[in-house]
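To keep things clear, I will list the structure first and then write my remarks on it.
Letters A, B, ... are given to chains in the order of the sequence lines, protein chains preceding strands, and every chain is numbered from 1.
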Amino acid sequence: MRNREIAELFYEVADILEYQQVEWKPRAYRKAAQMIENLGEDIEKIYTKDGKSGLTKIPGIGESIANHIAEYLETGEVEKFEKLKEKAPSGATELMEIRGLGAKKIKNLSDALGVRTLSDLKNAIIAHRLKRLEGFGEKSEKNLARAIEQYEKSHARLALGKALPLADEVISALKAQCESRTSKIDLSKIICTGSLRRLKETIGDIDILAEAEKEEALKVMDCFVSLPDVEQVILKGSTKSSVILREGTAIDLRVVPPESYGAALQYFTGSKEHNIELRNVAIKNGYKLSEYGLYLKESGKQIAGNSEAEIYEKLGLAYIPPELRENRGEIKAAARNALPKLVEAGNLRGDLHMHTEYSEGKDSLKTMIEKAEAFGYEYIAVTDHSRSQKVANGLDVEKLKAQWKEIDKLSKIFRIKILKGSEVDILKDGSLDYPDEILKELDIVVGAVHSGFAFLERRMTERIVTALENKYLDILAHPSGRLLGKREAYAVNFEKVFEAAAANGRVMEINSQPSRLDLNDELILRAKTFGLKFCISSDSHAVSDLTSMRYGLGQARRGWLEKEDVVNTYSYSRLKQVFKKLNA
DNA sequence: GCCGTTTTCGGCCCGACTGTTTTCAGTCG
C-alpha cells in the first residue's frame with residue numbers, strides 16, 4: 001500500500017509549485033493527493049489491474065497525474081518532480097509552515113534578502129533586515145519571530161485523547177466567564193467544531209463556535225482572550241479570535257449571530273474538502289453557501305442558516321454526521337439517501353478487552369467489573385496478558401486459572417456477564433501463547449502482536465495469517481501495531497490479513513486507547529469491504545480508561561460502520577453465535 | 001492540472017483579519 005507515500009509526494013509538489021506561484025496546479029495536486037489518501041483501495045493494485053485508465057477513473061486524477069503515478073510506481077521517482085525539487089530552495093517547504101508566511105512573501109524574502117531556509121530567516125530577523133522590505137514592517141518582524149518560536153516548539157498534531165478533554169475544559173471555562181458577564185449568551189451553543197468535532201485521530205488546533213448578536217460578540221471575545229490559560233493572542237476581531245494556550249495548543253473562536261449559527265457550525269466543522277464539494281453542490285443548484293448561510297444566487301435571499309440540518313436538507317442531501325465529512329463519497333451517498341446509519345454510543349453493550357491487577361492493570365478485577373456494570377454493560381471480557389508478556393506481568397497458566405476461580409465467584413454477585421478472556425501474544429511463528437487445552441477453555445481469545453515489530457512484511461503477514469487460522473483465536477487486537485506519534489504500523493499486507501480474517505470468521509478490533517486508535521479509519525473502511533465484523537474495545541488499564549470507548553467509537557463512525565458491523569452492540573445471546581466457544 | 005445539467009476552454013469556495021497600504025494584498029482556514 002503506497003497510497004500515503006504518493007499522496008505525500010503530491011503534497012510536497014503542490015507546496016513547491018505554490019512557492020513558484022504557479023496558478024491552480026497546487027490545487028490540482030492537493031486534490032489528487034487527498035483522493036489518493038482516502039481511496040480505501042491500494043492504488044498500486046488499481047494500476048496493476050487496469051493501468052492508467054484505471055487511475056484516471058479516480059476523481060481528481062487526469063492524464064498527466066496518472067502518468068506521474070505510473071512513473072513513480074515503476075521507477076520509484078518522477079523525473080519531472082526531481083527537476084522541480086532541484087529548482088526550489090530546499091528550505092522553501094519548511095518556510096511555508098511558518099504562520100504568516102506564504103508563497104509570495106517567501107519569494108520576496110528570497111529575491112530581496114536571499115532568505116532560503118529557516119535559519120536564514122532567523123538571521124535576517126535578528127539583523128532587522130526585514131522591516132526595510134516592502135510589505136514588511138516592525139510588526140511583521142516581531143510576529144514572524146514568535147511564529148518561528150512556536151513552530152519549533154510544537155508543530156506536531158495533538159492526539160484526540162488529549163485534545164478532546166482539553167477542549168472540554170476550555171469550553172467550560174469560557175461558559176463560566178460568559179455567564180458571569182452577560183445573560184444574553186446561549187451557553188449550550190458554545191461547542192467545538194473542526195477536526196475535533198469530526199473526531200479525527202489527531203488535531204491541529206481546537207476550534208470553538210459560539211452564538212451571539214453583534215453587540216454581544218465582543219464580550220464573548222473578551223472572555224475568551226482573557227481566559228487564564230491563554231498565553232498569547234494572535235488575533236482578535238468581532239467574529240474571529242485566535243489564541244495560543246500555555247501548553248502550546250492554538251485555539252480559534254468564532255462568534256456568529258443566530259441566523260447563521262447552523263451555517264457556521266457546518267462550515268467550521270469542515271473538512272475543507274467536504275466544504276468545497278458542498279459549495280459546488282450549492283452552486284449547481286443556484287445557491288451560494290458561506291459560513292453565514294445558504295443564499296439564492298440571484299437575489300441574495302437567505303434560505304437556510306439557523307441549523308446545520310436545514311442546510312443539508314435545502315441542498316437535497318440527507319444530514320451528514322460530522323465524522324463522515326471527509327469527501328470520501330459521503331455527499332454522493334447523501335444525495336442518494338444511502339448514508340450508513342452510524343453506530344452510536346448507546347448501541348454498545350459490552351467491552352471485550354480490559355486489564356486488571358492480575359497483569360498490568362491498575363485496578364482490581366472486582367473494581368473493573370463494578371464500574372463496567374455501572375456503565376450499564378451487559379457483558380465484559382477480562383483479558384489480561386498471556387505468559388510471554390513478562391514486562392506486562394503476563395499470567396502463567398496457574399495464575400490464569402486462579403483468575404477464573406475469582407471470576408466464577410464474582411459472577412454470582414454481579415448481574416453483568418463476565419467472560420474469561422486473555423490478550424494472548426501472537427508469537428513470532430504465529431502460534432498462540434497458551435497451549436490448546438487452555439485456549440479452548442477461554443471464552444474469548446484476543447490475539448495481539450507485542451514483539452518482533454521489525455519483521456519484514458512477508459514474515460509478519462505469514463505470522464498474523466497463521467494466528468488468524470488458529471481455531472481458538474477470536475479477535476485480532478490493535479491489528480496494525482501503530483502508536484500515534486511514536487511508532488509506525490508494522491509492515492504487513494493488510495489485504496491478506498483481511499482475507500484470512502474473513503475466511504476464518506475473525507473479528508477486527510478497534511482499539512480505543514488514544515495512543516493506538518487501531519484499526520484507524522482508513523483501515524476500517526478497507527476491512528469493511530472484506531465483509532469483516534469489528535469490536536470496539538477500550539483496552540482499559542484502569543477504570544478511568546473505560547470511557548476511552550468514545551475515541552474508538554469515533555474512529556468506527558469515521559470508518560462508516562453501522563451497529564450491525566460491530567459485534568459488541570449485539571445482545572449476549574447473539575454474541576454467542578459469533579464466538580462459538582461461549583456456548584460450551 | 002482537472003473537469004463539464006452553462007463549457008473541450010475557461011473556470012477553479014469564500015470571507016475575516018492583519019499590517020501595510022491610503023484602498024488593498026497576503027495569508028489563513
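Between K272(A) and M96(A), the residue anchored nearer the 5' end of DNA chain B, judged by the nucleotide with its closest heavy atom, is K272(A). Between R99(A) and T239(A), the residue anchored nearer the 5' end of DNA chain B, judged by the nucleotide with its closest heavy atom, is T239(A).
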Would you be so kind as to tabulate the donor-acceptor pairs closer than 3.5 Å made by side chains of residues 279-289 of chain A, with sequence neighbours excluded?
from	atom 1	to	atom 2	distance (Å)
R279(A)	NE	L289(A)	O	3.1
N280(A)	ND2	I276(A)	O	3.4
N285(A)	ND2	V281(A)	O	2.7

Could you pull out all donor-acceptor pairs under 3.5 Å where a side-chain atom in residues 127-135 of chain A meets a protein atom, sequence neighbours excluded?
from	atom 1	to	atom 2	distance (Å)
H128(A)	ND1	E141(A)	OE1	2.6

Contacts under 3.5 angstrom, residues 229-240 of chain A side chains, donor-acceptor by atom type, not counting sequence neighbours:
from	atom 1	to	atom 2	distance (Å)
Q232(A)	OE1	Q150(A)	NE2	2.6
K236(A)	NZ	D222(A)	OD1	2.7

Identify every side-chain donor-acceptor pair in residues 310-325 of chain A under 3.5 Å, counting partners at least two apart or on other chains, and give the distances.
from	atom 1	to	atom 2	distance (Å)
E310(A)	OE1	G305(A)	N	3.2
E310(A)	OE1	N306(A)	N	3.2
E310(A)	OE1	S307(A)	N	3.4
Y312(A)	OH	Q266(A)	NE2	3.1
Y312(A)	OH	H274(A)	NE2	2.9
Y312(A)	OH	R325(A)	NE	3.2
Y319(A)	OH	E308(A)	OE1	3.0
Y319(A)	OH	R325(A)	NH2	3.3
E323(A)	OE1	R557(A)	NH2	3.4
E323(A)	OE2	R557(A)	NE	2.6
R325(A)	NE	I320(A)	O	2.9
R325(A)	NH1	E308(A)	OE2	2.8
R325(A)	NH2	E308(A)	OE1	3.4
R325(A)	NH2	E308(A)	OE2	3.3
R325(A)	NH2	I320(A)	O	2.8

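Using a 4.0 Å heavy-atom criterion, one finds that P26(A) contacts no nucleic acid atom at all. Counting non-hydrogen atoms under 4.0 angstrom, S238(A) reaches the backbone sugars and phosphates but no base. Residue K80(A) is in sugar-phosphate contact alone, with no base atom involved, counting any heavy-atom pair closer than 4.0 Å across all strands shown. K31(A) comes within 4.0 angstrom of nothing in the nucleic acid, heavy atoms only. K240(A) comes within 4.0 angstrom of the backbone, heavy atoms only, and of no base.
dG1(B) sits 24 Å from dT5(B) when the C1' atoms are compared, rounded to a whole Å. Comparing the same atom, P, in dT21(B) and in dA16(B) gives a spacing of 24 Å after rounding to whole Å. Between the P atoms of dT20(B) and dG10(B), the separation comes to 40 Å (whole Å).
With 3.5 Å as the limit, one finds a donor-acceptor pair spanning the side chains of Y47(A) and E74(A).
The two atoms that bring I6(A) and I43(A) nearest to each other are CD1-CG2, 3.8 Å, heavy atoms only.
Residue pairs meeting the salt bridge (charged side-chain N to carboxylate O under 4.0 Å, His left out) criterion with at least one member in residues 169-185 of chain A, sequence neighbours excluded: K184(A)-E216(A). Sequence neighbours left out, the pairs with a member in residues 16-40 of chain A that pass ring pair (Phe, Tyr, Trp, His ring centres under 6.0 Å) are F10(A)-Y29(A), Y29(A)-F81(A).
Under the salt bridge (Lys or Arg N to Asp or Glu O under 4.0 Å) criterion, D50(A) pairs with no residue, sequence neighbours left out. In terms of the salt bridge (Lys or Arg N to Asp or Glu O under 4.0 Å) criterion, residue partners of K122(A) (sequence neighbours excluded) are, by chain and number, E152(A). Applying the salt bridge (Lys or Arg N to Asp or Glu O under 4.0 Å) rule to E44(A) yields the partners R2(A); only residues at least two apart in sequence or on another chain are considered.
When DNA chain B is scanned in the 5' to 3' direction for atoms under 4.0 Å from non-hydrogen atoms of chain A, the outermost contacting nucleotides are dG1(B) to dG29(B).
Of the residues in residues 126-147 of chain A, those placing a heavy atom less than 4.0 Å from an atom of DNA chain B are G135(A), F136(A), G137(A), E138(A), K139(A), S140(A), N143(A), in numerical order. For residues 100-112 of chain A, proximity to DNA chain B is found at G100(A), L101(A), G102(A), A103(A), K104(A), K105(A), defined as any non-hydrogen atom under 4.0 angstrom from a strand atom.
Using Watson-Crick or G-U wobble geometry with both donor-acceptor distances under 3.5 Å, dG26(B) finds its partner in dC17(B).
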